[in-house]
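A quick write-up on the structure given underneath.
To find a chain, count down the sequence lines: A is the first, B the second, and so on, and within it residues start at 1.
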Protein chains: 2
Amino acid sequence: MSAKSKRPLSGCPIDYALSVFGDRWSLLIVRDLAIKGVKTYAELLEGWEGISTNILAQRMKHLEDKGIVKKRKNPDNWRSSLYELTPKGSDLAPLLSEIILWGGTYNEAEKPMNEAYKKVRSDRAEFEEEIRSNVRNAADGTQATEFR
Amino acid sequence: MSAKSKRPLSGCPIDYALSVFGDRWSLLIVRDLAIKGVKTYAELLEGWEGISTNILAQRMKHLEDKGIVKKRKNPDNWRSSLYELTPKGSDLAPLLSEIILWGGTYNEAEKPMNEAYKKVRSDRAEFEEEIRSNVRNAADGTQATEFR
DNA sequence: GCTTCAACTTGCATTTTGCAAGTACATAAG
DNA sequence: CTTATGTACTTGCAAAATGCAAGTTGAAGC
């Protein structure tokens with residue numbers, strides 16, 4: 001069962017959340033957009049984990065449908081599009097923090113993202129604020145849902 | 001690609017975390033053990049989302065292998081086993097909090113777990129402490145990894 | 001009207017999932 | 001000692017999702 005599953009949701013917020021990003025790739029895509037500063041389809045393809053192009057296309061559409069990312073034209077390159085987190089997407093920042101903390105604590109062989117791990121540990125608030133501010137700077141008028 | 005994927009991990013803590021619980025079911029199982037107080041295989045089968053028995057068996061083995069849950073005999077019923085979170089598993093409590101907050105914020109049709117959502121919002125620290133204390137009370141000698 | 005490049009789409013083999021049914025096995029009951 | 005019972009799984013098979021390689025699209029530049 002994938003993140004796009006047709007199984008009726010139970011109504012549990014965790015089940016809902018998993019229906020949005022509960023698969024092997026969605027949060028890695030969110031990570032790339034939120035932390036690594038990746039923006040184009042081609043850059044996402046080159047990620048550390050090597051997603052294949054059909055799956056990436058499928059996931060981006062899903063994440064767009066679920067309101068996590070949005071696509072716009074790259075003003076500097078007519079060929080390329082830019083993917084960006086929506087406010088709903090950047091509200092995943094605290095979740096990313098927790099995953100990084102847990103993963104960083106229990107992962108034996110760590111290498112990439114050590115910087116992010118240290119950052120979250122030393123100044124979690126700023127780590128999350130940076131993700132959110134990127135979204136605010138993405139020039140459009142969508143309004144953030146009140147989050148807490 | 002499932003949570004058990006053989007794809008080499010990138011070393012990123014998020015990638016590691018997803019290799020442990022990055023599928024459609026693992027966190028629902030953790031939820032049942034951590035929040036709903038479910039303990040037996042049969043109870044897990046009856047969860048809101050209706051996991052099938054072969055998948056549940058597979059996931060429990062995976063979660064055991066990854067050190068998230070452990071199984072012990074039920075002292076009160078010779079037939080049944082009790083599944084419990086390890087300290088590594090209960091260290092997912094803050095992650096559960098964040099998922100519940102995010103899911104509760106953006107999920108339209110909510111019903112079950114509203115209690116948990118309200119609890120996290122009103123007293124997140126206690127919500128997480130309850131999960132951890134259940135693990136400490138599970139009589140065995142494993143030591144918690146220092147988490148933060 | 002031919003090329004280029006970023007973003008996909010398609011075809012097909014492999015893997016994972018879901019469903020229904022069956023098995024294992026320790027004790028309890030007769 | 002033979003059969004029943006309950007709990008935790010296995011097994012077989014169809015359906016769906018994934019991964020890989022290759023092909024397609026479409027606007028602009030030449």
Exam field: side chain B/S80 to backbone B/N74, donor-acceptor pair closer than 3.5 Å:
no
May I ask you to verify whether the side chain of B/R79 and the base of D/dT5 hold a donor-acceptor pair under 3.5 Å?
yes
Would you say a side-chain N or O of B/Y83 is under 4.0 Å from OP1 or OP2 of D/dC9?
yes
A/L45 atom CG is separated from D/dT18 atom C1', nearest whole Å, by 15 Å
Would a distance-only check, ignoring hydrogens and angles, find a side-chain to backbone donor-acceptor pair under 3.5 Å from B/N107 to A/G11?
yes
Taking atom P of C/dT17 as reference, at what distance in whole Å does atom NE2 of B/H62 sit?
10 Å
Shortest side-chain distance from B/S81, nucleotide among C/dT9, D/dA8, D/dT10
D/dA8
Which nucleotide in the set D/dA21, D/dT18, D/dC9 lies at the smallest distance from any side-chain heavy atom of A/Q58?
D/dT18
Closest non-hydrogen contact found for B/R31 with A/C12 is NH1-SG, 3.1 Å
OP1 or OP2 of D/dT18 sitting under 4.0 Å from any side-chain N/O of B/R7?
no
What contact category does B/T53 fall into here, base, sugar-phosphate, or nothing, at under 4.0 angstrom with non-hydrogen atoms?
base
What about B/N77, does its side chain sit under 3.5 Å from the base of D/dG6 through a donor-acceptor pair?
no
Can a side chain N or O of A/K71 be found less than 4.0 Å away from OP1 or OP2 on C/dC8?
yes
In whole angstroms, how far is the P atom of C/dT15 from the CD1 atom of B/I55?
16 Å
What is the separation between atom CG on A/L63 and atom P on C/dC8, rounded to the nearest whole Å?
13 Å
In short, B/A17 meets A/I99 closest at the heavy-atom pair CB-CG2, 3.5 Å
Heavy-atom nearest nucleotide on DNA chain C taken for B/I51 and for A/K39; more 5' hit belongs to A/K39
Output yes when at least one side-chain N/O atom of A/R24 is less than 4.0 Å from OP1 or OP2 of C/dT16, else no.
no
Below 30° counts as parallel, above 60° as perpendicular, anything between as tilted: where do the rings of B/W102 and A/Y16 land?
parallel
Take atom CE of A/M60 and atom P of C/dA6, then tell me their distance rounded to the nearest Å.
17 Å
Taking side chain as C-beta onward, heavy atoms only, is A/I29 less than 4.5 Å from A/M60?
yes
Could you state the atom-to-atom distance from CD1 of A/I29 to C1' of D/dT18 in whole Å?
14 Å
In whole angstrom, what separates A/L56's CG from D/dA21's P?
16 Å
Taking D/dG19, C/dC8, C/dT17 as options, the one with an atom nearest any side-chain atom of A/S52 is D/dG19
Write down the distance between CD (B/E49) and P (C/dT17), rounded to a whole number of angstrom.
16 Å
When you match B/A42 and B/N54 each to their closest nucleotide on DNA chain D, which lands nearer the 5' end?
B/A42
Which residue, B/W78 or B/T40, contacts DNA chain D at a nucleotide closer to its 5' end, judged by nearest heavy atom?
B/W78
